[in-house]
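This structure is a prediction, so every number in the text was calculated from the model and none was measured.
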2 protein chains.
Amino acid sequence: MDKKTEQKKVFLDIVQQLRQLIKLEKIQAGEKLPSERVLSERLGVGRSSVREALRSLELLGLIETRHGGGTFLASTQKHQLVEILSMFILEDEKSKKDVELTRQIHEKEAIRVISCTETLRTLPVWDSFFVKLEIEGTINCRDVLREIIITSGNRLSLKVWFQLAVYDGDRLNRNSTEEEKIIIQTMLKSMQLGYEKEALKAYEQWMRIVQSN
Amino acid sequence: MDKKTEQKKVFLDIVQQLRQLIKLEKIQAGEKLPSERVLSERLGVGRSSVREALRSLELLGLIETRHGGGTFLASTQKHQLVEILSMFILEDEKSKKDVELTRQIHEKEAIRVISCTETLRTLPVWDSFFVKLEIEGTINCRDVLREIIITSGNRLSLKVWFQLAVYDGDRLNRNSTEEEKIIIQTMLKSMQLGYEKEALKAYEQWMRIVQSN
DNA sequence: GATTAAAAAGTGGTCTGGCCACTTTTGAAC
DNA sequence: GTTCAAAAGTGGCCAGACCACTTTTTAATC
C-alpha cells in the first residue's frame, strides 16, 4: 500500500504529489507550475481540490500565483513561516521570546564556529566590515548577523535563521547606533582573533541593546 | 481604508477574518468553529473560498476537521508549521551533515540553559534517568535528548528539533550502550550541578560516538 | 520585414449547486 | 429511561459556469 494513496484527504494528497512533481520535473524557484486545470486532469481530481492544496502552499509562501499568469515556485526567501506564526501563535509574549531566542541560538553557534575555525575567522569580509564602519560610521545590523550565519557554513541553519529574522525585521534591519558600533567592532575583532568567549560576550551585550528597542 | 478589506484574495481575507472571529468569540482550543456553510453566509463569500482558507489552516495544523463532525480549533501542540516547511526545505537539499549539526546546535543550547538555571537543573526528572540507568542498565538516547530540549522551555526550538530528529531517527532512537551509559551519567550529573562546560564536553563525547555509528 | 493593435487562448479567482459519506441530533417505539 | 431508526447537520469532492487578467497568436499596417 502506497503511503501517498492511502491519504484520507485529497488535498493533502495533492500537496504531497506537488512536492514530488516539483522534485521529479526539477522545477526551480521562480519557474512555472502546471496550471490548475492541467493539474486537475493529471492528478485525476477536481479543480477545487487542486486549489485547496495550492492555496495552502500559497499561505506558506511556498508558491506564488499571478492572476491570469500562472502559479510559480517561490524562492526560499519568501517563505512566510513567521507571518503565519505571528498571526496565530505569536499572540503571547512567550512565543515571541521563543522566536527571538531560537534566532539567537543560531547566531551564537555561528560565532562559536567561526571563532574556532582559522579559515573562517581570517576571512577578508570581516575587515570589510571594519572599513565600512570607519567610512560610513554605521552598518546594517541584519547584514552583519547574516554574514556570520552564512560564513558558518550550515545552510540549514541559515534557512532557519532567515525565517526567524523576518520576525525581528524592524529591530534588525536598520543601521547600528554609535553605541552598537563599538560593541560590533569588539565582537568582530574578538572573532577574528579566535577569542570565542569575548566575541560571545560582546554579542550578548549587543543583543541586550537590540532587545531594549 | 481597512487593511482587512483591501485584501486582493478572498481566501486570505477569510484567514484574517477567521482569526478575528476566533478572538472575538473567544473560541478555545478544541472548541468548534462555525460550519463551512455558515461561514460562507456570514462572510458573504462562496463556500469554496471558505474551504480554501480552512484547508490552508488545516495544513498548518491550526484547525482540525472531522468528516461529518465539524471544524475545531487545534491545540498549540499540534501546529505543523515546521513540519510542512521542512517538507519543502529539507527534502531537496538535505545535507545530512547540516541536519545533524543543526540538531546539535539546539541540544547544546538546551544543555547550557538548563545548566545555568537553578530551577531546571534541579528537576527530579534527571534523577529518574539515573534510576532508570541503574535498574535497566540502559536508556533510550532520543528520550534523554528530548527531555533536555523540552526542559529548556523553548517551544519553537523543540519543534525544530523534533523535525530534525526524525532524520537521525535510527541513530538516536535506540538504547544506550555500556560506553554511552557512563558518558550520559557524566553529562546529566554535570548538568545537575551546573557545570556547563563539563556537561557540554560529555555531550560532545557522546555525539562523537553517535556519529560513528 | 518590423511594428503595432486586436483577437484568441490560457490562467487564476470566485460562486453555485449538487451528490456523497460521516456524525450528531431528534423523536418515536418500546 | 433505553434503544434505534430517521432526519438534520457537516465536511469531502466534483462539475460547470462566469469574470478578470495575462500571454500568445493573428492580422493589419507601415
Please figure out whether A:Gly69 or B:Thr65 has its closest DNA chain D nucleotide nearer the 5' end.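 The residue mapped nearer the 5' terminus is B:Thr65.
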Rounded to the nearest angstrom, tell me the gap between atom [atom1] in [X] and atom [atom2] in [N].
X	N	atom1	atom2	answer
A:Glu52	C:dC15	CD	C1'	14 Å
B:Glu36	C:dC20	CD	P	18 Å
A:Leu39	C:dG13	CG	C1'	16 Å
A:Arg66	C:dG12	CZ	C1'	12 Å

Distance check, rounded to the nearest 0.5 Å: B:Arg112 atom CZ versus B:Ser152 atom OG?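 Reported to 0.5 Å precision, the distance equals 12.0 Å.
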Any chance you could measure A:Ser48, atom OG, to A:Arg55, atom CZ, to the nearest 0.5 Å?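 Here the rounded value is 11.5 Å.
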Looking just at side-chain N and O atoms, do [X] and [Y] make a donor-acceptor pair shorter than 3.5 Å?
X	Y	answer
A:Asp127	A:Gln192	yes
B:Thr102	A:Asn154	yes
A:Ser176	A:Thr138	yes

Tell me, please, whether A:Phe11 has A:Arg47 positioned over its six-membered ring: NZ or CZ under 6.0 Å from the ring centre and within 45 degrees of its axis?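 So A:Arg47 doesn't make the cation-pi contact.
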Is the Lys NZ or Arg CZ of B:Arg66 less than 6.0 Å from the centre of B:Phe72's six-membered ring, within 45° of the axis?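 Satisfied, under 6.0 Å and within 45°.
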Heavy atom of residues 40-49 of chain A under 4.0 Å from DNA chain C: which residues?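 The answer is A:Arg47.
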Step through the shown structure and confirm whether more than 12 heavy atoms of other residues, nucleotides or ligands are within 6.0 Å of CD on B:Glu204.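 Result for CD/B:Glu204: enclosed.
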First-last contacting nucleotides on DNA chain D - partner chain A, under 4.0 angstrom, heavy atom: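 Range of nucleotides within reach of chain A: D:dG12 to D:dT22.
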Any base atoms under 4.0 Å from B:Arg51, or only sugar-phosphate, or nothing? Heavy atoms, all strands.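 Base: the residue B:Arg51, judged by heavy atoms under 4.0 Å, touches a nucleobase.
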